[in-house]
J.: 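The structure that follows is given in the form of structure tokens.
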Amino acid sequence: MRRARRMKAAALLLAGSMALAACASDEPESGSGGGGGGGAAAEELKIGLAYDAIGRGDRSFNDSAFAGAEAAIAEFGGEYREVTPNEDGSDRAELLAQLAEQGYNPVIAVGFAYDEIIADVAADFPDTTFAQVDGSFELPDGTSKGDNVTGLIFAAEQGSFLAGVAAALKSETGRIGFVGGVDVPLIQTFQAGYEAGATTVNPNIAVDVQYISPAGDFSGFNDPARAQILAQGMYSGGADIVFQVAGGSGTGVFQAAAAAGARAIGVDSDQYQTVDDPALQAVIMTSMLKRVDNAVTAFVGSFVDGNVEGGTDLLYDLESDGVGLATTGGFIDDIQGEIDGYRQQIIDGDIEVPTTP
């Protein structure tokens, strides 16, 4: 198993009296919970949570990170603060710096869009412990983002492989689809795994692929109308199952599936449980789970225990149950044995899942 290393000791930062400047967050400014336990006193733990585009309420990635922070507060006590970047993301660095200045520690950045930014901010606040969800501790050139930065990364290709297996086993038309939010390497990882899983089951299956926006344009994570149009085209073209990896845009894929009397696959959270509309719930065959909540809770636990090892990555894969498939609704119960067989082959190393399409 490719288990990543845990993290070295870091003292809690209580410094800073500067009030958190106004930001583009729509979330409540802070929350708190009771209870104690761990190496840090409850009144000392202050978690700073900087969301990706859209923020809390996406019923997916950001919400999962929030759930992890809430679980940590419930277990260890303390408080949290949430911030969300503005529409173009130009204030991401400012928000991270404000959290650190306010004394929030650890500070957790959610999403790959913080890649370059977190390195600069971490250098300015060497006594603050940072983590980045979906971002390695290394920059693209191989240099470290800092000894106080830990990457929380996921083998999304492995979970997506199982999603592709499920889609191929359930497809009646021999054509399935993939709608990505933004055409960037991280989302392409999902595409690569999905295609590999589907073609392993059925080498002749057709996989339609569309991205809502190009690299650099993050609107693709918050454009359900465009996602619905793309998915409608796939269903009209004969696809009967579409996997969406599009953040807040994913609702549009579910709406298209409902209109077409077809199926869809959710992402990150168990979206069968997070959608409000029963008509949309009924079309979600499964969801590719990326347990951001577990990763955030575990990281905070390591911080409280004084076991954070910065300058490294923590990998969450199939073997550690960091990724997987949801079974809520019972739509894949009849093929669970086959899915489990492929899962074990990946864990055993008999199947190596690609990370690029």
Side-chain angles (χ1 to χ4, degrees), residues 3-4 6-7 25 27-28 30-33 35 37-38 45-84 104 106-112 114 129-135 150-156 158-160 162-163 186 190 221 245-248 250 265-275 284 286-305 307-308 313-328:
R3 291 194 187 278
R6 288 179 62 111
M7 307 164 276
S25 176
E27 292 83 17
S30 65
S32 63
L45 179 60
K46 298 175 66 176
I47 303 170
L49 197 59
Y51 292 125
D52 203 351
I54 306 171
R56 182 148 63 93
D58 66 347
R59 304 180 186 274
S60 184
F61 187 70
N62 292 310
D63 284 0
S64 186
F66 172 72
E70 270 206 319
I73 293 298
E75 182 173 356
F76 305 113
E79 64 181 81
Y80 62 84
R81 188 178 293 276
E82 311 163 79
V83 295
T84 299
Y104 286 88
V107 172
I108 302 170
V110 183
F112 66 87
Y114 287 94
T129 298
F130 292 86
Q132 184 184 356
V133 175
D134 269 351
T150 299
L152 307 180
I153 58 178
F154 300 82
Q158 294 183 358
S160 297
L162 299 186
L186 176 64
F190 290 81
F221 290 128
V245 185
I265 297 175
V267 74
D268 293 337
S269 301
D270 184 352
Q271 295 196 289
Y272 182 94
Q273 296 184 330
T274 62
V275 297
I284 301 174
T286 183
S287 296
M288 199 295 281
L289 300 176
K290 188 165 72 171
R291 299 306 304 268
V292 175
D293 54 344
N294 289 350
V296 168
T297 303
F299 176 76
V300 175
S302 294
F303 177 83
V304 170
D305 291 341
N307 293 327
V308 172
D313 289 331
L314 302 179
L315 177 67
Y316 296 86
D317 57 9
L318 281 178
E319 187 170 359
S320 63
D321 290 324
V323 296
L325 284 188
T327 59
T328 312

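Quantities reported herein were computed from a predicted structural model and do not represent experimental measurements.
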J.: Looking only at heavy atoms, which two atoms of Ser287 and Gln271 are closest? And how far apart?
T.: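 So the two residues come closest at OG-N, 3.1 Å.
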
J.: Mind listing the closest non-hydrogen atom pair of Thr286 and Ala326 along with its distance?
T.: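 For Thr286 and Ala326, the tightest heavy-atom pair comes out as OG1-O, 2.5 Å.
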
J.: Indicate yes or no: at least one non-hydrogen side-chain atom of Phe154 is less than 4.5 angstrom from one of Asp134.
T.: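 They are in side-chain contact.
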
J.: Looking at Leu45, Leu49, Val304, which one forms a side-chain contact (heavy atoms from CB on, under 4.5 Å) with Pro106?
T.: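 Between Pro106 and the candidates, side-chain contact (heavy atoms from CB on, under 4.5 Å) is satisfied uniquely by Leu45.
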
J.: Could I get the full list of side chain to side chain donor-acceptor pair (under 3.5 Å) partners for Gln132, not counting sequence neighbours?
T.: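 Expected list: Asp115, Lys145.
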
J.: Any side-chain heavy atom of Ser64 sitting closer than 4.5 Å to one from Asn294?
T.: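 They are not in contact (no side-chain heavy atoms under 4.5 Å apart), so the answer is no.
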
J.: Measure the OH-CD1 distance between Tyr316 and Ile153 for me, rounded to the nearest 0.5 Å.
T.: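 CD1 of Ile153 is found 10.0 Å from OH of Tyr316.
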
J.: Considering all heavy atoms of both residues, which atom of Glu75 and which atom of Thr297 are nearest to each other, and what is their separation?
T.: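 Residues Glu75 and Thr297, closest heavy atoms: OE1-CG2, 4.4 Å.
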
J.: Is it true that the side chains of Ser320 and Asp317 contain a donor and an acceptor less than 3.5 Å apart?
T.: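 Yes.
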
J.: Short question: side chain of Asp63, backbone of Gly57 - any donor-acceptor pair under 3.5 Å?
T.: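 Indeed, once roles are kept as given, a pair shorter than 3.5 Å links the two residues.
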
J.: Decide side-chain contact (heavy atoms from CB on, under 4.5 Å) for Val110 and Val296; before the verdict, give the C-alpha distance in whole Å, the side-chain angles of both, and the deciding distance to 0.1 Å.
T.: CA-CA 10 Å; Val110 183; Val296 168; over 6 Å; no

J.: Mark yes or no: Arg81 above the aromatic ring of Tyr104, with NZ or CZ under 6.0 Å from the six-membered ring centre and no more than 45 degrees from the axis.
T.: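 Arg81 over Tyr104 ring: no.
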
J.: Between Leu162 and Leu318, is a side-chain contact (heavy atoms from CB on, under 4.5 Å) present by the stated rule, with each step listed?
T.: CA-CA 10 Å; Leu162 299 186; Leu318 281 178; 3.9 Å; yes

J.: Rounded to the nearest 0.5 Å, what separation is found between the CG atom of Leu152 and the NZ atom of Lys290?
T.: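 Rounded to the nearest 0.5 Å, the CG-NZ separation comes out at 11.0 Å.
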
J.: So, taking the atom named CD1 in Ile284 and the one named OH in Tyr272, what distance separates them when rounded to the nearest 0.5 Å?
T.: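 Output value for this atom pair is 9.0 Å.
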
J.: Taking all heavy atoms of Ala67 and all of Asp293, pick out the closest pair and write down the distance.
T.: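 Residues Ala67 and Asp293, closest heavy atoms: CB-CB, 4.2 Å.
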
J.: Can you see which heavy atom on Tyr114 is nearest to which on Ala109, and at what distance?
T.: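 Smallest heavy-atom distance, with atoms named: CG-CB, 3.6 Å.
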
J.: May I ask you to check whether Tyr80 and Phe66 place their ring centers less than 6.0 Å from one another?
T.: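 Yes; Phe66 has its ring centre under 6.0 Å from that of Tyr80.
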
J.: Is the backbone N or O of Asp52 less than 3.5 Å from a side-chain atom of Asn62, with the two atoms forming a donor-acceptor pair by type?
T.: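 Yes; at least one donor-acceptor contact below 3.5 Å.
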
J.: Is any side-chain heavy atom of Met288 closer than 4.5 Å to one of Phe190?
T.: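 In short, these two side chains touch, coming nearer than 4.5 Å.
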
J.: Is any side-chain heavy atom of Phe303 closer than 4.5 Å to one of Ile47?
T.: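 Answer no - side chains too far apart.
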
